K.L.:
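One structure follows; several queries about it will come next.
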Amino acid sequence: MTERLYYTDSSLSRFEARVVSLSGEAVTLDRSAFYPASGGQLCDTGWLEATGSRLRVKEVTEDEHTGEVLHVVEDPEALQPGSVVRGEIDAERRLDHMQQHTGQHVLSAAFEKLYGFETVSFHMGDESCTIDLATEAVSAQQLAAAETLANQIIAEDRPIEIRFATPDEARTLGVRKIPPAERDKLRLIDVRDFDLNACGGTHVRSTGQIGCILLRKTEKVRQGVRVEFVCGLRAVRTARRDFETLTEAATVFTTHIWEVPQQARKSLDEIKAAHKAQQRLLEEVAELQAQQMLQSALERGGHKATLDTYGGSLREEVGGHKLVVQFFPERDLSFIKMLAQKLTRAGTVVALMGCGGPQPSLIFAQTSGLPHDMGALMKETVQRMGTRGGGNRDLAQGGAPNPARAEQALREAASAL
Ligand SMILES: [Zn+2]
């Protein structure tokens, strides 16, 4: 069984060992300081050196059945069973992991001491870490209080020691969480006068090395509340990024970063109000335009209706009602729909409308009771264009591939009536 050197010394980053066996890329050593991925903590990476070659250790896992530490090595051909290797751990990565993981011990203890919230799981990611607390909810005040207590413990730079005890001894010592697995000896991590917990991971020597703890978002999960956090240099990077993001937002609003939420809310309110005002104006424009169109249709033929944008292609009289056809290159669907509805309500009218813009569309509408079928006319029209559309006898809408095609389709539909 691999002797786990990190068990008694988490700061050891260089060691010598003998190759026990090789299986594909997986190398087993008689002793190793490499931490294998387990217990929510990411694995170490690093290098193995042997006879002049330096091999990258890209992953370290634990064999489920034998419990051996497996070093996944790039190009392991240089190694043979029995050969002596020098191992070197990526110390920066290890320190980061120790900061996150030890920070988790302190944070979990803080939540438990303050509110009795038990930590039921821990996850370490490349960017941030999470713990799941067995509780229905965590308030913003509770988060802030746990963060403050955890950072006080860090500032006090309390020693962290490794102790070994039997499960029975551990129970009398008041260990926070005793693992269910049957073991003769438990490895206990002792944060002096603050937390004692069974754990097989790697930890810093004193709380000061954690640097700091920054709590992030919370999220409701099946087993409770998930709390995201970052420690040490990750916390500094995260805070720096937050600040830069806020500064950028503040520049957009020409304000101080603390005023960004108020400014954002104010801008949203203004946008909503402007949108409402625009809608009211468009209604008025549509109303006026409808009246003008009807009037000019009357003036034109006396009894027959055409706004003859398309000149001679329109027949002038269609069974005792007016035909109004118009294309609006600058308007959108909601406007032409509003206009068509106003036209068909104000008179006895068939209104064929089209618009350009980013979403070229057509609206066919008739005053209720007229004999045409707008839905059928739209179906034929969109079929020719290969687009989608439809509706009922009195009102139908459809899309067009581009403004020019929409305008042409409008003319064709008018001639088909
Ligand atoms: Zn631990």
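A quick note: this is a predicted structure, and the numbers were derived from the prediction, not measured. Both counts, for ligands and for their atoms, begin at 1 and track the order of listing.
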K.L.:
What pairs of residues pass the ring-ring contact (aromatic ring centres under 6.0 Å, His included) test when at least one of them lies in residues 200-224, not counting sequence neighbours?
P.N.:
His101-His203, His105-His203

K.L.:
Would you please indicate yes or no on a ring centroid separation below 6.0 angstrom for His71 and Phe34?
P.N.:
yes

K.L.:
Quick test of your reading of the model: are Arg171 and Asp168 salt-bridged, counting only N-O distances below 4.0 Å?
P.N.:
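Result for this pair is yes, salt bridge flagged.
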
K.L.:
Do any protein N, O or S atoms sit under 2.8 Å from the Zn ion (ligand 1), and which ones are they?
P.N.:
His101 NE2, His105 NE2, Cys199 SG, His203 NE2

K.L.:
Is the positively charged end of Arg31 above the ring of Phe15, judged by distance under 6.0 angstrom from the centroid and angle within 45° of the axis?
P.N.:
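Checked: cation-pi criterion not met.
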
K.L.:
Can we say Arg216 and Asp242 salt-bridge, meaning some charged N sits less than 4.0 Å from an Asp/Glu carboxylate O?
P.N.:
yes

K.L.:
Salt bridge or not for Asp195 and Arg176, using N-O below 4.0 Å?
P.N.:
yes

